[in-house]
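Taking it in order: structure first as structure tokens, then the write-up.
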Amino acid sequence: MSRKCQKAFEKGKAKRALYPLEPSTYKLQEAHLGWQRQYDTLKLLESALDNRTEMPADYLLGCWTGADWRGELERLPESLASDVGWRVLPGVLALCAYAGETPESAKLAAGAEKHASNIVRDCENNRHSIAHPTKQRDATIKRVCRAQSLVRTVLMTVEDSFAAVDVPIS
């Protein structure tokens, strides 16, 4: 079985190792903003599919267009796994360092790697379902909903991390 999401995660972590983060919040905020845009785009795509809206190539779906949403949806699990290694996990650890040594930040930092691995496992488990093109509208909507669930997990991870160390997200 191909482990594309795991490989993407490891590649993201290796790339970040070359550019370590200082104690801060900005990368995690940046990741949250980017994945919130992706989530909003997926909701818009779901609505367009559900309403049987025609999507010409220049149709705007948030950060995607009618021409590129299929490819973007196909790559989403791997992109998300890569970003967990590149920005989310390092961002959580940088947030913990920024918040200072507290029981909450220590607990968050201790569980961050395992939580990131769980997200990557979910990406891997859903990758085939999301990446496999379908001709039926209902099946495509299910693919979009699975992708929404993955993105929502990352959004909640970021939000929970900020709440755990009592640092505002914005």
Side-chain angles (χ1 to χ4, degrees), residues 1-16 27-92 95 108 111-164 169-170:
M1 178 178 178
S2 176
R3 309 281 303 161
K4 289 184 177 184
C5 292
Q6 184 64 42
K7 289 177 185 173
F9 172 70
E10 294 299 333
K11 190 175 180 180
K13 276 179 55 175
K15 192 170 141 186
R16 174 55 67 203
K27 273 299 177 196
L28 202 52
Q29 289 169 330
E30 181 183 278
H32 185 268
L33 217 62
W35 288 108
Q36 184 63 56
R37 282 190 68 215
Q38 289 286 343
Y39 184 75
D40 293 344
T41 297
L42 289 165
K43 293 298 282 180
L44 192 58
L45 177 58
E46 178 188 15
S47 177
L49 290 167
D50 197 38
N51 293 321
R52 300 176 190 268
T53 303
E54 273 300 311
M55 288 186 275
D58 63 347
Y59 186 78
L60 295 178
L61 291 162
C63 53
W64 299 343
T65 66
D68 65 5
W69 73 265
R70 287 173 180 83
E72 294 293 337
L73 181 62
E74 183 178 322
R75 289 185 295 275
L76 190 132
E78 288 173 63
S79 296
L80 190 126
S82 175
D83 199 49
V84 168
W86 170 247
R87 287 191 305 187
V88 177
L89 175 59
V92 169
L95 173 67
L108 180 61
E113 184 78 40
K114 185 175 191 303
H115 188 69
S117 294
N118 290 340
I119 293 171
V120 172
R121 187 185 66 240
D122 288 346
C123 288
E124 199 71 66
N125 290 340
N126 286 286
R127 185 182 58 79
H128 181 73
S129 304
I130 293 170
H132 185 66
T134 53
K135 299 257 185 219
Q136 296 178 340
R137 184 180 54 83
D138 289 342
T140 303
I141 291 172
K142 286 181 184 176
R143 291 174 54 217
V144 170
C145 289
R146 284 180 186 252
Q148 286 174 10
S149 178
L150 290 177
V151 173
R152 198 170 34 250
T153 300
V154 170
L155 290 172
M156 289 187 318
T157 296
V158 173
E159 292 162 7
D160 290 350
S161 296
F162 276 96
I169 198 166
S170 54

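Note that the structure is predicted; figures quoted are calculated from it, not measured.
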For residues [X] and [Y], report the shortest heavy-atom separation together with the two atoms involved.
{"X": "Q29", "Y": "I169", "result": "NE2-O, 2.6 Å"}
{"X": "V158", "Y": "V88", "result": "CG2-CG1, 4.4 Å"}
{"X": "A81", "Y": "C5", "result": "CB-O, 3.3 Å"}
{"X": "L44", "Y": "G62", "result": "CD2-N, 3.6 Å"}
{"X": "W69", "Y": "T140", "result": "CH2-CG2, 3.6 Å"}
{"X": "T41", "Y": "C63", "result": "OG1-N, 2.9 Å"}

Checklist entry - So does R137 have more than 12 non-hydrogen atoms from other groups sitting under 6.0 Å from CZ? => result yes
Item to check | Side-chain touch S161/L108, heavy atoms, less than 4.5 angstrom | outcome: yes
Next on the checklist: Just so I know, are the side chains of L80 and T153 near enough to count as touching, which here means a heavy-atom distance under 4.5 Å?
Outcome noted: no
With rounding to the nearest 0.5 Å, note down the distance linking [atom1] in [X] to [atom2] in [Y].
{"X": "L150", "Y": "L76", "atom1": "CG", "atom2": "CG", "answer": "7.0 Å"}
{"X": "K27", "Y": "R16", "atom1": "NZ", "atom2": "CZ", "answer": "5.5 Å"}
{"X": "D68", "Y": "L73", "atom1": "CG", "atom2": "CG", "answer": "11.0 Å"}
{"X": "D83", "Y": "L89", "atom1": "CG", "atom2": "CG", "answer": "11.0 Å"}
{"X": "L45", "Y": "Y59", "atom1": "CG", "atom2": "OH", "answer": "9.5 Å"}
{"X": "N118", "Y": "C123", "atom1": "CG", "atom2": "SG", "answer": "11.0 Å"}

Item to check | Main-chain N/O of D122 paired to N126 side chain as donor or acceptor, under 3.5 Å | outcome: yes
Salt bridge check: are [X] and [Y] linked by an N-O gap of less than 4.0 Å?
{"X": "K11", "Y": "E78", "answer": "no"}
{"X": "R121", "Y": "E124", "answer": "no"}
{"X": "K43", "Y": "E46", "answer": "yes"}

Checklist entry - Out of K142, R146, R143, which residue meets the side chain to side chain contact (heavy atoms under 4.5 Å, CB included) rule with S129? => result R146
Next on the checklist: Does E113 form a side-chain contact (heavy atoms from CB on, under 4.5 Å) with K13? I'd like the steps, not just the answer.
Outcome noted: CA-CA 11 Å; E113 184 78 40; K13 276 179 55 175; 2.9 Å; yes
